[in-house]
Amino acid sequence: MTATSYKNGLLQMENVPLQRIAQKHGTPVYCYSTRQLADNFHAYQTALSDIMPEDKFTICYACKANSNQAILHLLGMLGAGADVVSGGEMYRAFKAGVTHDKMVFSGVGKTADEIVKAVRNDILQINVESEPELNLVSTLAAKESSAKAHIALRVNPDVDANTHEKITTGRSGNKFGIDIKAAPALYRRARDMAGLAPTGVAVHIGSQLMDLAPFAEAFKRVAELVNELRQQGNIITTVDLGGGLGVPYRGETPPDIKKYAGLIRDIILPLNVHVILEPGRSIAADAGVLLTRVRYIKESGDKRFLIVDAGMNDLARPALYDAYHAIMPCGEPAKGAVMTAYDVVGPVCETSDTFRTGAELPRIDPDALLAIMTAGAYGASMASNYNTRPLPAEVLVSDEQFDLIRPAQKIEDIAAADVIPDWLA
Ligand code: LLP
């Protein structure tokens with residue numbers, strides 16, 4: 001049972017009618033369900049504990065999906081680690097209580113500063129994405145610490161993830177990872193480099209995968225590589241299998257988590273390694289909605305626009321990836337209500353600020369409250385100040401209670417950061 005559904009004529013998250021949150025905190029506002037976040041995390045935990053002992057795996061939640069500290073803290077309490085891709089995410093994850101031994105650091109453009117922080121904090125693993133980065137990590141780690149930094153090379157297995165081209169990462173020609181064919185030579189070098197313990201192999205082929213076959217293909221290539229590396233004398237103790245499963249945005253059937261774990265059991269467990277997973281979307285997406293109020297209903301030719309108060313700056317996915325998000329009125333439509341086609345658009349001055357063209361909705365009243373669904377992942381974390389619009393508020397719901405976990409930004413705070421140089425004055 002999903003955490004957001006109609007009860008007593010109102011769309012509720014757990015036991016809170018979403019109307020109440022909008023009344024108290026205004027709109028646009030992101031709302032997240034504690035229960036759904038926990039259920040999603042437990043699904044991974046259970047699927048993995050069914051196939052291996054708990055100390056043989058770490059689920060490092062991909063903070064980029066939603067990096068609010070309340071969410072990192074909640075997941076941390078449940079046993080999650082963190083996959084971070086910037087000094088900022090590392091800072092937030094530490095502040096939220098994630099421990100160093102459960103943190104992995106990924107990303108193609110790590111700065112020296114960020115690498116030093118990772119080394120000083122002795123994190124579980126740095127996933128290195130290029131030879132120049134390997135050299136830099138070695139130099140910095142040798143200088144910083146007597147202990148060696150545990151690193152994995154993130155390999156690019158050249159597998160088509162069959163997902164949106166903008167979120168595919170494991171094809172040759174993508175900027176990510178090290179060509180899997182070049183990896184053995186680089187591991188041979190890394191073994192003798194100062195400051196490094198090259199003990200891991202990492203892979204990530206893309207996000208929103210709705211099919212298990214590309215995972216299987218990538219895992220097989222990784223397993224072959226681990227065997228080859230061991231034959232050449234490398235000590236490989238961890239395998240990081242990257243991001244998690246895709247989620248249904250419009251009623252599709254998501255891949256089965258038990259079957260996914262079955263792939264890990266069949267392909268990876270024979271290697272006898274510590275397994276790291278970095279799921280993001282499948283933990284946070286369906287736990288969140290973006291609440292938005294209709295500002296104007298505008299008729300133009302044969303078009304009917306619902307102009308809402310959330311924009312592409314709040315939720316960029318439709319504009320960036322033509323992503324589909326279901327839109328539900330917060331008051332339950334009457335049974336058999338006649339549907340009307342609306343274009344649901346935001347206030348931002350771009351035609352791409354469109355949440356949906358031709359959404360079939362019951363008659364919507366001015367001022368109606370709408371929920372843009374499955375917005376918990378890559379929603380708030382990708383929000384921007386475009387059009388000098390403040391970042392939206394975020395609220396966490398648990399049973400009958402709800403609290404702000406981030407207030408809406410103030411326009412004054414955005415403006416206060418600008419500096420007019422003296423020579424212009
Ligand atoms: N690990 C690495 C190295 C990644 O690059 C990603 C996502 C993940 C883990 C988490 O993958 P997930 O479990 O969420 O599929 N903004 C896009 C998604 C970008 C994903 C980037 N990398 C969107 O809104 O669809």
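Worth saying up front: this structure is predicted, and the values here are computed from it rather than measured. Just follow the structure's listing: the first ligand is 1, and inside any ligand the first atom is 1. Residue numbers start at 1 and run along the sequence shown.
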Review point. In terms of side-chain geometry, is the basic nitrogen of E144 or R120 positioned less than 4.0 Å from the acidic oxygen of its partner?
Key: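 R120 and E144: salt-bridged.
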Review point. Is the shortest side-chain N to carboxylate O distance from R154 to E129 below 4.0 Å?
Key: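 Salt bridge present between R154 and E129.
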Is the closest side-chain donor-acceptor distance between [X] and [Y] under 3.5 Å?
X    : Y    : answer
Q232 : N234 : yes
N385 : Q409 : yes
N68  : R406 : no

For ligand 1, which is the ligand I care about here, please tell me if [X] has any N or O atom under 3.5 Å from one of the ligand's N or O atoms.
X    : answer
R154 : no
S106 : no
G206 : no
Y321 : yes
G244 : yes

Need the ligand 1 atom indices (1-based, order shown) with element for anything under 4.0 Å from a heavy-atom of [X].
X    : value
G280 : 12 (P), 13 (O), 14 (O)
P279 : 13 (O)
S207 : 11 (O), 12 (P), 14 (O), 15 (O), 20 (C)

Check your understanding: So with a 6.0 Å cut-off around CD1 of I411, is the heavy-atom count from everything else above 12?
Key ->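 Counting other residues, nucleotides and ligands, CD1 of I411 stays at 12 neighbours or fewer.
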Practice item. Would you kindly check if the NZ (Lys) or CZ (Arg) of R317 is within the cone defined by 45 degrees around the ring axis of Y378 and under 6.0 Å from the six-membered ring centre? Key: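 So R317 doesn't make the cation-pi contact.
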Point to revise | Any S282 heavy atom less than 4.0 Å to ligand 1 | key: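 Flag not set, S282 not near ligand 1.
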With heavy atoms under 4.0 Å as the rule, classify the contact between [X] and ligand 1 as side chain, backbone, both or neither.
X    : answer
L209 : neither
H204 : side chain
E278 : both
F176 : neither

Practice item. Any ring pair (Phe, Tyr, Trp, His ring centres under 6.0 Å) involving residues 104-145? Give me the pairs, sequence neighbours left out, ordered by first then second residue. Key: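 Listed by first then second residue: nothing to list.
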Point to revise | Ring centre gap for Y249 and H325 strictly below 6.0 Å | key: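 Between H325 and Y249, which both carry aromatic rings, the centre distance is below 6.0 Å.
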